[in-house]
*Asks:* 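Quick one: the structure is below, questions incoming.
Note that these values count all heavy atoms, side chains included, but never hydrogens, waters or copies made by symmetry.
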Amino acid sequence: MNNPRQPGIISWFAYNPVAANLLMIIIVTVGLGSSLFIQRAMFPTFSTDFIVVNMAYPGAAPEEVEQGVVLRIEEALGDLDGIDRIESTAVESMATVFIDARDEVD
C-alpha cells in the first residue's frame with residue numbers, strides 16, 4: 001500500500017544526511033562571513049539638532065510655571081550663540097522648553 005502523504009522537508013533531510021550537512025555548512029559559512037563585514041559600534045554616533053527640557057513644578061499654576069521656570073530658562077539660553085529657536089509650553093505643574101540649535105553647534 002502506498003503512502004498518500006508527500007514526504008516533508010524534514011523527512012527528506014533525514015534520508016539525505018549529506019544535503020543536511022551541506023546546508024548547515026553553508027549557513028555557518030555565510031553567518032561567519034557576514035559577521036566580518038557587519039558594522040559594530042559600542043557607542044554609535046548621532047547628531048542632535050534639538051534639545052527638550054522638561055521641568056516639574058508641583059502644585060503651580062501655568063502662570064507661576066511660566067514666571068518661575070520658563071522665563072528663566074529662556075533668559076539663560078537667549079545669550080548663547082548657535083540657537084535658532086526656543087519654544088516653551090507652561091501647563092499646570094509642568095514646563096517644556098524646546099531648543100532648536102544649528103547643525104554646527106556642539
Side-chain angles (χ1 to χ4, degrees):
M1 187 168 181
N2 290 335
N3 189 356
R5 289 183 3 175
Q6 294 290 332
I9 192 163
I10 294 174
S11 64
W12 186 81
F13 277 122
Y15 289 112
N16 298 298
V18 174
N21 289 334
L22 184 62
L23 179 64
M24 180 190 63
I25 290 171
I26 290 171
I27 290 172
V28 168
T29 304
V30 169
L32 290 175
S34 65
S35 70
L36 298 174
F37 297 105
I38 194 166
Q39 182 181 4
R40 294 176 294 270
M42 181 71 79
F43 299 106
T45 59
F46 60 92
S47 64
T48 56
D49 298 337
F50 63 91
I51 301 167
V52 178
V53 178
N54 290 318
M55 189 70 186
Y57 193 171
E63 294 81 17
E64 291 176 291
V65 174
E66 182 180 13
Q67 294 294 321
V69 177
V70 172
L71 291 178
R72 293 181 187 201
I73 292 174
E74 287 178 352
E75 289 171 1
L77 296 174
D79 296 334
L80 296 177
D81 293 331
I83 294 179
D84 286 334
R85 179 174 51 122
I86 299 175
E87 291 183 14
S88 305
T89 304
V91 295
E92 188 171 336
S93 301
M94 186 74 177
T96 302
V97 180
F98 177 81
I99 305 156
D100 189 10
R102 293 190 198 113
D103 290 337
E104 67 271 2
V105 174
D106 186 12

*Asks:* Is it the case that atom CG in L32 sees more than 12 heavy atoms from other parts of the structure closer than 6.0 Å?
*Replies:* yes
*Asks:* Decide whether V28 and I26 are clustered together by the hydrophobic rule: side chain heavy atoms of Ile, Leu, Val, Met, Phe, Trp, Tyr closer than 4.5 Å, transitively.
*Replies:* no
*Asks:* Give the C-alpha distance, both sets of side-chain angles, the deciding distance and a yes or no for side chain to side chain contact (heavy atoms under 4.5 Å, CB included) between I73 and V53.
*Replies:* CA-CA 9 Å; I73 292 174; V53 178; 4.2 Å; yes
*Asks:* A quick test of your reading: do over 12 heavy atoms of other residues, nucleotides or ligands sit less than 6.0 Å from CG of N54?
*Replies:* yes
*Asks:* Please give the remaining members of the hydrophobic cluster of M94, linking ILVMFWY side chains under 4.5 Å, ordered by chain and number.
*Replies:* V91
*Asks:* In this structure, would I9 and L23 fall into the same cluster of hydrophobic residues linked by side-chain contacts under 4.5 Å?
*Replies:* yes
*Asks:* Check side chain to side chain donor-acceptor pair (under 3.5 Å) between D84 and all other residues, then give those that pass, not counting sequence neighbours.
*Replies:* R102
*Asks:* According to ring pair (Phe, Tyr, Trp, His ring centres under 6.0 Å), who are the partners of F13, at least two apart in sequence or on a separate chain?
*Replies:* none
*Asks:* Under 3.5 Å, is there a donor-acceptor pair between the side chain of S93 and the main chain of G59?
*Replies:* yes
*Asks:* Kindly compute the distance separating CD (E74) from CG (D79), expressed to the nearest 0.5 Å.
*Replies:* 12.5 Å
*Asks:* Transitively linked via ILVMFWY side-chain contacts under 4.5 Å: M55 with L80?
*Replies:* yes
*Asks:* Identify the heavy atoms of A14 and P17 that sit nearest to each other, and give their distance.
*Replies:* O-CD, 4.2 Å
*Asks:* How close do F98 and V52 get, counting heavy atoms only, and between which atoms?
*Replies:* CD1-CG2, 3.9 Å
*Asks:* Hey, what do you get for CD1 (I83) to CG (L77), rounding to the nearest 0.5 Å?
*Replies:* 5.0 Å
*Asks:* Please determine whether the number of non-hydrogen atoms from other residues, nucleotides or ligands lying under 6.0 Å from atom CD1 of I38 exceeds 12.
*Replies:* no
*Asks:* At their closest point, which heavy atom of Y57 faces which heavy atom of E64, and how far apart are they?
*Replies:* CE1-O, 3.8 Å
*Asks:* Under the side chain to side chain contact (heavy atoms under 4.5 Å, CB included) criterion, do E92 and V65 qualify, and how do the steps go?
*Replies:* CA-CA 7 Å; E92 188 171 336; V65 174; over 6 Å; no
*Asks:* Please round to the nearest 0.5 Å and tell me the distance separating atom CD of E75 and atom CZ of R72.
*Replies:* 8.5 Å
